[in-house]
Every structure is written in C-alpha cells, then in structure tokens.
Amino acid sequence: MKRVLITGAAGFLGSHLCDRFLKEGYFVIGMDNLITGDLKNIEHLFKEKNFEFYHHDVSKFVFVPGQLDYILHFASPASPIDYLKIPIQTLKVGSLGTHNLLGLARVKNARILVASTSEVYGDPLVHPQHEDYWGHVNPIGPRGVYDEAKRFQEAITMAYHTFHGVETRIVRIFNTYGPRMRLNDGRVLPAFIGQALRGEDLTIFGDGSQTRSFCYVDDLVEGIYRLLLSDYHLPVNIGNPDEITIRDFAEEIIRLTGTNQKVVNHPLPQDDPKQRQPDITRAREVLGWEPGIDRSEGLRRTYEYFRGLSPEELRNSAHRFA
Ligand code: NAD
Ligand code: UDP
C-alpha cells in the first residue's frame with residue numbers, strides 16, 4: 001500500500017485531498033498545526049484504518065516513521081486576511097516548512113508535490129497568465145509575505161530537483177472554492193455567502209471591476225492527482241479560466257441565496273490583483289485535464305454546504321484573528 005503525507009490536512013484543500021487519496025486506496029498521514037484549519041474538516045476520517053493524524057508545525061523539523069511514497073505540501077495560510085494577520089508564520093511555512101519537507105522527501109525517496117499559487121504572478125501585466133510569465137510582485141507589500149514565500153518555495157523545490165534529484169511537482173493553484181472553506185477566512189466566496197446568510201450587506205472591495213476565475217474544488221483535486229502521478233516537474237497552472245468581475249460575482253451570490261441585501265463598497269486592499277485568469281494550455285496538454293464543473297453547479301453545491309451550518313457557527317463567523 002502506498003503511503004502519502006498531506007500537510008495542511010485539516011484545511012480546505014488538504015481535507016479534500018485526504019478524502020481523495022483514501023478513496024484511491026492510499027494510506028494517508030495528515031499533518032496540521034490547526035492555525036487556520038479545523039479538525040471538523042477531517043473528523044470523519046479518524047475512524048478510517050488507513051488514516052493517521054499528526055498535530056505538528058511543519059516549520060519545525062518533521063519526522064514521520066516508516067515508508068513514504070508521496071508528500072503533498074499544502075500547509076500555509078491561504079487567505080489574504082489570514083496571511084496579513086500571521087505574516088511571519090506564512091513566510092516560515094513557505095520557506096522553512098518547504099525545506100523540511102523536501103529534506104524528508106529526499107531521505108524517504110518520496111515524490112513531493114508543493115502547492116504554489118497564482119499569486120506568484122502578483123498583479124499580473126500579462127493576461128491570461130501562462131506558466132512562462134515571471135510575474136509582477138511587490139516583495140515588501142502586504143501580500144509579499146505570501147507571494148515571496150511561495151516564489152521561494154518554487155525556487156527551493158526546483159533546486160532539490162536539480163541538485164539532489166528529488167522527484168518534484170509544482171502546482172500553481174488559482175482561486176478555488178467549495179465546501180469546508182472557513183466562513184470567516186475572508187476570501188470572497190465565504191465572505192459573500194456568510195454575509196447573505198447573516199443578513200448583512202455584501203462588501204465589495206474597490207469598485208468590483210477586478211476579476212477572478214473560480215475553480216470548483218473537485219476539479220482542482222483531479223488536476224493535482226494527475227500532476228502527482230505524471231512525470232512533469234515544471235509548474236502547472238490548475239484553475240478554471242471562466243473569468244468574472246467581483247461585482248458580477250456578488251450579483252450571482254445575491255441571486256443564488258435570494259437575499260434582499262445590497263452591495264456596499266469598501267476600500268480596495270493594497271496590491272489587490274486587478275485581473276486573474278489561468279492559461280491552462282499546459283494542463284490540457286500534459287495532464288489531459290480541464291475543469292468539468294461550471295460555476296453555477298459549483299456554487300449550488302457550495303451554498304448547500306454553508307446552508308447546513310448551525311446558527312451558532314454562523315454567528316461566530318467573524319474573522320478569527322480579528
Ligand atoms: P486553509 O487555510 O484552509 O488550509 C491550510 C492548512 O494549513 C490549515 O489547516 C492550517 O492549519 C495548516 N497550516 C498552516 N501553517 C502550518 C504549519 N506551519 N504547520 C502545519 N500546518 C499548517 O487553506 P487552503 O485554501 O486549503 O490552502 C491550502 C494550500 O493551497 C496552501 O498552501 C495555499 O497556499 C494553496 N492555495 C490555495 C488556493 C485556494 O484557492 N484555496 C489558491 C492558491 C494556493
Ligand atoms: N473581495 C471583496 N469583498 C470581500 C472579500 C474579497 O470584494 O469581502 C475581493 C478582493 O479584494 C479580491 C477578490 O475579491 O479582489 C478575491 O479576493 P480573495 O481574498 O477571495 O482572493 P485573492 O485576492 O487572493 O484572489
């Protein structure tokens with residue numbers, strides 16, 4: 001039986017990856033320090049005989065006994081308001097944490113896939129973003145702690161590949177959504193749905209003309225699974241190219257939830273990217289992958305999940321580092 005270590009296992013994406021690898025017949029070792037994650041996301045897995053969990057900060061030395069075939073490094077705050085509140089931890093998990101996991105991959109002779117991000121393109125001057133674009137990042141701006149940690153992560157991953165012959169994979173993830181996002185994580189989809197459910201106005205940052213392209217989580221997980229098992233070591237964008245302005249997205253959420261609330265404009269955060277759309281030519285060619293779940297279906301499934309939360313969870317959904 002193949003053994004896979006998934007860091008960030010109690011988070012949004014990590015928990016879905018645990019589900020997928022268990023379903024594929026792997027022994028899954030989840031690791032998380034719960035700084036932005038929640039054990040609730042994986043509590044259904046504790047009864048599985050092929051699942052183990054370590055409560056551990058991967059920025060510190062990582063030890064896992066026994067054989068390891070694959071490592072998926074997904075530990076990192078991912079929402080702008082998370083990494084603004086915990087900037088040093090964000091820098092450490094992308095740099096020291098990645099270094100620890102590459103070292104572990106090397107001694108275990110395991111293949112490692114690291115979770116990079118569309119943020120390596122910064123506020124992009126090229127549109128849509130292809131993997132060959134080097135990006136437009138402000139290293140000392142508020143988002144620099146995340147963007148530069150992820151850029152360092154890519155650099156050290158390539159160095160371990162080149163100098164130590166470690167089998168590495170790099171996925172550049174574009175905005176992904178779905179069940180188990182934290183209602184209070186500040187990202188636009190849980191923010192809007194949470195506001196609609198609590199009967200608050202929807203907060204658009206800036207004039208809402210900035211764009212994003214939203215990918216449903218099951219599509220992303222499929223792309224990551226294919227990339228891990230491929231023999232391709234250069235970065236691959238995984239995301240849904242269907243681009244929308246944040247203003248139109250707010251209108252979609254209003255229609256979806258049937259809320260009577262209005263939208264209100266708040267100041268645009270510094271360095272907020274104005275446009276973002278993945279060029280997925282490489283994923284199509286190398287992995288034969290493309291997204292299959294459109295936004296209306298993905299939003300319907302996600303809303304079902306949020307609607308099922310208890311009134312107490314809804315009330316307590318102010319941001320946790322506030
Ligand atoms: P999340 O906050 O839900 O999950 C991250 C998990 O990592 C949390 O459970 C958190 O507790 C854990 N973690 C953070 N620091 C840790 C540390 N030092 N040691 C151990 N565990 C730690 O975020 P997510 O959306 O699931 O993102 C997961 C990964 O995917 C991140 O690396 C993120 O950068 C990347 N990513 C996500 C998106 C997206 O749209 N969701 C986009 C681009 C990249
Ligand atoms: N955004 C918004 N209102 C909110 C939260 C976010 O208008 O309550 C905007 C944000 O400024 C950005 C977009 O939505 O332009 C996506 O933000 P998110 O934090 O989800 O992700 P990222 O900026 O990392 O793509």
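Each residue takes its place number in the sequence, starting with 1. We count ligands from 1, going down the list as the structure has it; atoms in each ligand are counted the same way.
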Atoms of ligand 2 close to [X] [distance to a heavy atom under 4.0 angstrom, numbered from 1]:
| X | value |
| --- | --- |
| I204 | 7 (O) |
| P80 | 19 (O), 24 (O) |
| G186 | 5 (C) |
| A191 | 8 (O) |

Examine [X] against ligand 2 and note whether any of their N/O atoms are separated by less than 3.5 Å.
| X | value |
| --- | --- |
| R212 | yes |
| F205 | yes |
| Q195 | no |

[X]: heavy atom below 4.0 Å from ligand 2, yes or no?
| X | result |
| --- | --- |
| R143 | yes |
| F192 | yes |
| S79 | no |

**Request:** Can you figure out which of D82, D272, N175 has its heavy atom closest to atom 11 (O) of ligand 2?
**Result:**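 Closest candidate by heavy-atom distance is D272.
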
**Heavy-atom nearest neighbour in the protein, as seen from atom 9 (C) of ligand 2, with distance rounded to 0.1 Å** =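 The protein heavy atom lying closest is Q210 NE2, 3.9 Å.
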
**Prompt:** What is the nearest protein non-hydrogen atom to atom 13 (C) of ligand 2, stated with its residue, atom name and distance?
**Reply:** I246 CD1, 3.6 Å

Is [X] touching ligand 2 with its side chain, its backbone, both, or neither, if touching means heavy atoms under 4.0 Å apart?
| X | result |
| --- | --- |
| R276 | side chain |
| T203 | both |
| V188 | both |

Return yes if some donor-acceptor pair links the side-chain N/O of [X] with the main-chain N/O of [Y] below 3.5 Å, else return no.
| X | Y | value |
| --- | --- | --- |
| R169 | S230 | yes |
| W289 | I224 | no |
| D147 | G122 | no |
| N100 | K60 | yes |
| N41 | A10 | yes |

**Non-neighbouring partners of K274 that pass side-chain hydrogen bond (donor to acceptor under 3.5 Å, both in side chains), sequence neighbours left out** = D123

**Message:** Tell me every residue that passes side-chain hydrogen bond (donor to acceptor under 3.5 Å, both in side chains) with S116, counting only those two or more places apart in sequence or in another chain.
**Reply:**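 Per chain and number, S116 pairs via side-chain hydrogen bond (donor to acceptor under 3.5 Å, both in side chains) with E154.
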
**Prompt:** Do F63 and M31 belong together in a cluster built from hydrophobic side chains that touch within less than 4.5 Å?
**Reply:** no

From [atom1] ([X]) to [atom2] ([Y]), nearest 0.5 Å:
| X | Y | atom1 | atom2 | value |
| --- | --- | --- | --- | --- |
| R172 | I238 | CZ | CD1 | 12.0 Å |
| R187 | D82 | CZ | CG | 7.5 Å |
| N237 | I170 | CG | CD1 | 11.5 Å |

**Y232 versus R282, closest heavy-atom pair with distance** =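 So the minimum-distance heavy-atom pair works out to OH-NE, 3.2 Å.
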
**Prompt:** Got a sec: does the CG of N260 have more than 12 other heavy atoms crowding it under 6.0 Å?
**Reply:** no

**Item:** Residue pairs fulfilling ring pair (Phe, Tyr, Trp, His ring centres under 6.0 Å) with at least one residue in residues 243-264, sequence neighbours excluded
**Value:**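 Ring pair (Phe, Tyr, Trp, His ring centres under 6.0 Å) check on residues 243-264 returns F214-F249.
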
Report every pair formed by an N or O atom of ligand 1 and a protein N or O atom separated by less than 3.5 Å, giving atom names and the distance to 0.1 Å.
unit_1, atom_1, unit_2, atom_2, d
ligand 1, 2 (O), T36, OG1, 2.7
ligand 1, 3 (O), F12, N, 2.9
ligand 1, 7 (O), S76, N, 3.4
ligand 1, 9 (O), G11, N, 3.0
ligand 1, 9 (O), D32, OD1, 3.2
ligand 1, 9 (O), D32, OD2, 2.5
ligand 1, 9 (O), G37, N, 3.3
ligand 1, 11 (O), D32, OD1, 2.6
ligand 1, 11 (O), L34, N, 3.4
ligand 1, 11 (O), I35, N, 3.0
ligand 1, 11 (O), T36, N, 3.1
ligand 1, 11 (O), G37, N, 3.0
ligand 1, 13 (N), N33, OD1, 3.4
ligand 1, 18 (N), D57, OD1, 2.8
ligand 1, 19 (N), V58, N, 3.0
ligand 1, 21 (N), N33, N, 3.1
ligand 1, 21 (N), N33, OD1, 3.2
ligand 1, 25 (O), R187, NH1, 3.0
ligand 1, 25 (O), R187, NH2, 3.0
ligand 1, 26 (O), F12, N, 3.3
ligand 1, 26 (O), L13, N, 2.8
ligand 1, 32 (O), F74, O, 3.1
ligand 1, 32 (O), K150, NZ, 2.8
ligand 1, 34 (O), Y146, OH, 2.5
ligand 1, 34 (O), K150, NZ, 3.0
ligand 1, 40 (O), T176, N, 2.8
ligand 1, 41 (N), R187, NH1, 3.0

